[in-house]
*Asks:* 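Before anything else, here's the structure in question.
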Amino acid sequence: MIALTGPRVFITGMGAVSPAGNSLNALTSALHQTGSALRTLGLFSAPSPLPVGEVPDVPPQQDFPRTHRLAAMAAEEALHNSGAEPDAIVLGGTTGGMLTTEERLKNKQHNPESFQWHGLVTVAHHLARHYNCSGPVINVSTACSSSTAAIKIAFDMLRAGLGKRILAGGADSLCRLTYHGFKSLQLVDPQGAKPFDRDRQGMSVGEGAAMLLLVADDTPPPDAVAEIVGGGLSCDAYHATTPHPQGRGALRAIRAALDEAAIAKTDIDYINLHGTGTPDGDLSEANALSHLLGHKVPHASSVKGMLGHSLGAAGAMETIISAHSIANGFIPANTGCATPDQNMGWEPCLSPVSQKVQTVLTNSFGFGGNNASLLLRGRERGGGLSSKKRVPLTVKGAACLTGAGDRNQSLDQVRTGYDCKGSLPIQDISSQLEANLVRRMKRLPRMALALAKAARSDAGTSRPPGAVFWGTGWGPLSETHDFLDRLEQSGDQFASAMDFIGAVHNAPAGNLGLYFEAEGPNLTTTAGDHSFEQALYTASLMADQLEQEFLVLAADEYHPRFSPLFDASVRSDPAPSDGGGALWVSASEDSREPKIMPPFLAFSTRGAEVIPRLVESLGGEERIREHTGAILLGIPAQLRDTAENQLQEFLDLTGFEGPTVDYRRWTGEFASASGTATVLAVQFVREGMVPASLVGGREDLPLRGREILLLGLGEHITGIRVAP
Amino acid sequence: MESLVRELKEKIVTTLNLVDVSPDDIDDHEQLVGGRLGVDSIDVLELVIMLERDYSVKIEDREVGSTVFANLKSLADYVAANKPE
């Protein structure tokens with residue numbers, strides 16, 4: 001690896017909305033005062049309400065769900081007086097518009113307009129429109145580590161030169177799903193969270209939003225608060241909800257962050273702990289730190305006894321607290337802990353400490369064993385960062401699912417001129433899955449597992465993937481529906497733990513980690529019709545650090561009640577369809593296999609010149625004309641007019657006259673159709689021709705060494721080159 | 001008591017979607033969690049809800065739970081003793 005060439009990444013703006021109040025100042029004042037900001041749930045009614053971390057005084061605004069409002073408030077504070085719009089937005093979140101969705105379902109509203117802000121990525125869209133951002137607008141959902149992973153992605157993007165200023169953070173509002181879900185898992189402390197206390201009984205569910213403006217520069221800008229110097233991601237591959245008892249996965253994430261930053265573990269002055277207050281989780285983190293540091297654990301504290309656990313916002317909130325710690329020489333107390341657990345081998349800070357802080361480690365661990373750690377340093381103490389470069393991915397194996405069946409069945413159907421719309425019976429999806437292994441899985445996790453197994457088998461290997469990059473537009477809808485339905489039917493009395501665990505967007509990826517014993521990064525992106533592209537984008541960003549082959553996949557299920565309600569494109573097609581695609585890829589070159597070049601990603605903001613940037617990123621008009629055999633077009637039905645205008649602009653600019661294939665007419669309407677289409681493109685490149693049925697000729701179209709280009713149009717504009 | 005045991009076995013198989021297990025296969029004294037049946041801690045949480053919903057029997061403590069769910073016999077005994085009249 002080449003050392004010391006990439007730009008450095010500084011935090012120059014911060015905004016926080018937390019149970020302590022509506023500003024960064026309210027948060028830091030509360031930290032200095034150390035008291036708990038937990039209070040009895042007041043946002044919605046629940047039997048015997050528990051203490052939660054609820055944000056006070058959120059201005060009512062009926063147009064947008066609460067998560068969107070929290071995010072907007074924090075973003076406004078982070079970007080205040082910062083000048084130009086951000087080049088990209090990367091957010092973490094787990095609930096999106098869920099609170100509003102729950103209320104409207106309760107009120108028996110069936111108007112799809114009422115659910116237009118349901119999707120997780122709509123929070124980032126809301127900010128992108130407001131700040132006129134036309135770069136990549138990415139949403140990460142790795143449960144409780146979501147925004148830490150989001151900051152790691154933004155950090156990598158800046159180092160790879162994919163922007164100069166990125167707004168990164170996370171937002172989640174309280175909702176019935178998370179409140180009752182964690183309660184059903186018996187993971188909530190009825191007295192309020194007391195992390196690392198001998199008598200801790202669980203977490204307190206919370207909410208909030210935290211945003212950071214990250215800036216790439218060679219030297220610290222005047223307004224830099226701290227520098228981010230490293231990040232690490234890992235997967236426990238141990239259990240859906242319980243962390244590895246010895247903190248094995250946590251330790252891998254921490255070590256990866258230390259390696260990336262090239263910092264010695266003994267340099268850490270303060271550890272901002274994940275510490276939610278659950279008996280198993282706190283002990284696991286404590287053990288990981290003991291393994292790493294022996295008896296020399298530095299000052300360490302969790303703020304979740306004060307703020308509760310704001311889930312997707314927590315990692316960004318704690319990154320802000322870590323930066324504050326460095327800038328002000330202040331270590332917050334581990335509020336709530338009175339008698340530290342003697343089984344840990346070390347103690348957290350029971351009261352605040354004032355001392356010089358130069359290096360901070362902050363940890364976040366989520367369901368699915370999705371772990372993320374970041375390292376921050378003082379602005380004048382940069383670490384020796386290596387350069388970062390996106391690399392093409394060599395496709396070793398490819399698999400897809402459609403209404404027609406697996407890849408070969410789908411291709412046969414396409415070649416004979418029939419579409420592959422439809423939704424396979426669940427028995428067909430499960431035919432190669434061990435029945436006992438999938439007994440708790442509903443539709444989407446089974447699709448993900450079937451796809452992943454088929455892609456690995458196509459690659460002819462039995463090794464575990466080095467990482468999993470998973471995209472899904474809507475997440476596990478069956479589990480989400482069944483959880484909410486059972487809760488509603490029982491008057492908020494009975495919530496299913498099994499459905500809650502399964503309802504998290506990253507649950508299918510966590511299952512893959514578990515199934516394959518894949519201990520590397522395990523990321524979930526969820527961005528409507530462009531979720532697969534975002535998975536591919538993050539994969540190409542992190543591939544230079546992956547030695548083993550890995551998985552990139554996406555899928556969406558058709559749910560008879562929720563799919564038409566949430567997804568306007570699904571609603572417009574009389575044939576319910578679902579499916580997805582999986583690629584088994586390698587970051588090392590192999591001239592015999594198709595390659596996927598690092599994709600283009602942009603948000604289609606009004607008035608932004610996105611298409612010219614797309615053309616440039618694909619190598620310019622001439623290159624596109626000469627090297628593209630066919631274009632596969634992703635045109636979501638609900639945005640057909642917008643997409644056709646975008647396409648026309650592309651064709652006018654490039655003068656491309658070759659065949660274009662509107663692939664959703666073949667796959668049907670579902671958010672991850674681009675995953676399926678990419679797998680078909682890989683197969684066409686392997687065979688060197690595109691079937692006549694697709695390109696409208698009498699004979700198959702020979703590619704003669706040319707590429708297939710996949711264009712995703714609509715809310716985002718994406719470009720993927722599949723080259724021989 | 002015998003009919004309660006039988007009923008609980010049926011409910012366990014359907015609630016947990018146990019594959020290739022029929023109620024008759026479950027021995028009254030065999031280890032319920034972490035044993036041959038493949039029942040784990042997440043399944044126990046589903047069973048807790050089933051007991052509350054179908055028998056109005058509450059188990060809110062992990063330690064109580066681990067004794068109650070030791071085997072079918074202990075489970076049936078607990079339900080019989082704590083079921084409202």
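Below, each value reflects all heavy atoms present in this structure, side chains not excepted, and no hydrogens, waters or symmetry copies. Per chain, numbering begins at 1; letters A, B, ... match sequence-line order.
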*Asks:* At a heavy-atom separation under 4.5 Å, does B:I59 approach chain A through its side chain, its backbone, both, or neither?
*Replies:*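 When you check distances to chain A, only backbone atoms of B:I59 fall under 4.5 Å.
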*Asks:* Heavy-atom distances under 4.5 Å only: say whether B:V44 touches chain A with side chain, backbone, both or neither.
*Replies:*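 Neither; nothing under 4.5 Å.
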*Asks:* So which residue, A:M498, A:Q493, A:H239, ends up with the most heavy-atom pairs under 4.5 Å with chain B?
*Replies:*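 Option with the greatest count: A:M498.
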*Asks:* For atom CD of A:E517, is the number of surrounding heavy atoms from other residues, nucleotides or ligands below 6.0 Å larger than 12?
*Replies:*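 No, CD of A:E517 has 12 or fewer neighbouring heavy atoms, counting only those of other groups under 6.0 Å.
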*Asks:* Rounded to the nearest 0.5 Å, what separation is found between the CG atom of B:D40 and the OG1 atom of A:T242?
*Replies:*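 Nearest 0.5 Å value for the CG-OG1 distance: 9.0 Å.
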*Asks:* To the nearest 0.5 Å, how far apart are OG in A:S184 and CD in B:E46?
*Replies:*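 If we round to the nearest 0.5 Å, A:S184:OG and B:E46:CD are 7.5 Å apart.
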*Asks:* So for A:L185, is it side chain, backbone, both, or neither that comes closer than 4.5 Å to the heavy atoms of chain B?
*Replies:*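 For A:L185, the contact with chain B is made by backbone and side chain together.
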*Asks:* Could you grab the distance from atom CZ of A:R486 to atom CZ of B:R53, nearest 0.5 Å is fine?
*Replies:*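 Separation between the atoms: 5.0 Å.
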*Asks:* Examine whether an atom of B:D20 lies under 4.5 Å from a heavy atom of chain A, and if so say whether it belongs to the side chain, the backbone or both; otherwise answer neither.
*Replies:*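 Neither part; nothing is under 4.5 Å.
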*Asks:* More than 12 heavy atoms of other residues, nucleotides or ligands under 6.0 Å from CD of A:Q432: yes or no?
*Replies:*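 Open: at most 12 neighbouring heavy atoms sit under 6.0 Å from CD of A:Q432.
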*Asks:* Sub-4.5 Å heavy-atom contacts with chain B: which residues of residues 439-450 of chain A show up?
*Replies:*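 Near chain B, by residue number: A:R439, A:R440.
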*Asks:* Check this for me: B:K73, atom NZ, are more than 12 non-hydrogen atoms of other residues, nucleotides or ligands nearer than 6.0 Å?
*Replies:*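 Counting other residues, nucleotides and ligands, NZ of B:K73 stays at 12 neighbours or fewer.
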*Asks:* Please identify, among B:V21, B:L45, B:V48, the residue contributing the most non-hydrogen atom pairs under 4.5 Å to chain A.
*Replies:*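 If we count pairs closer than 4.5 Å to chain A, B:L45 comes out on top.
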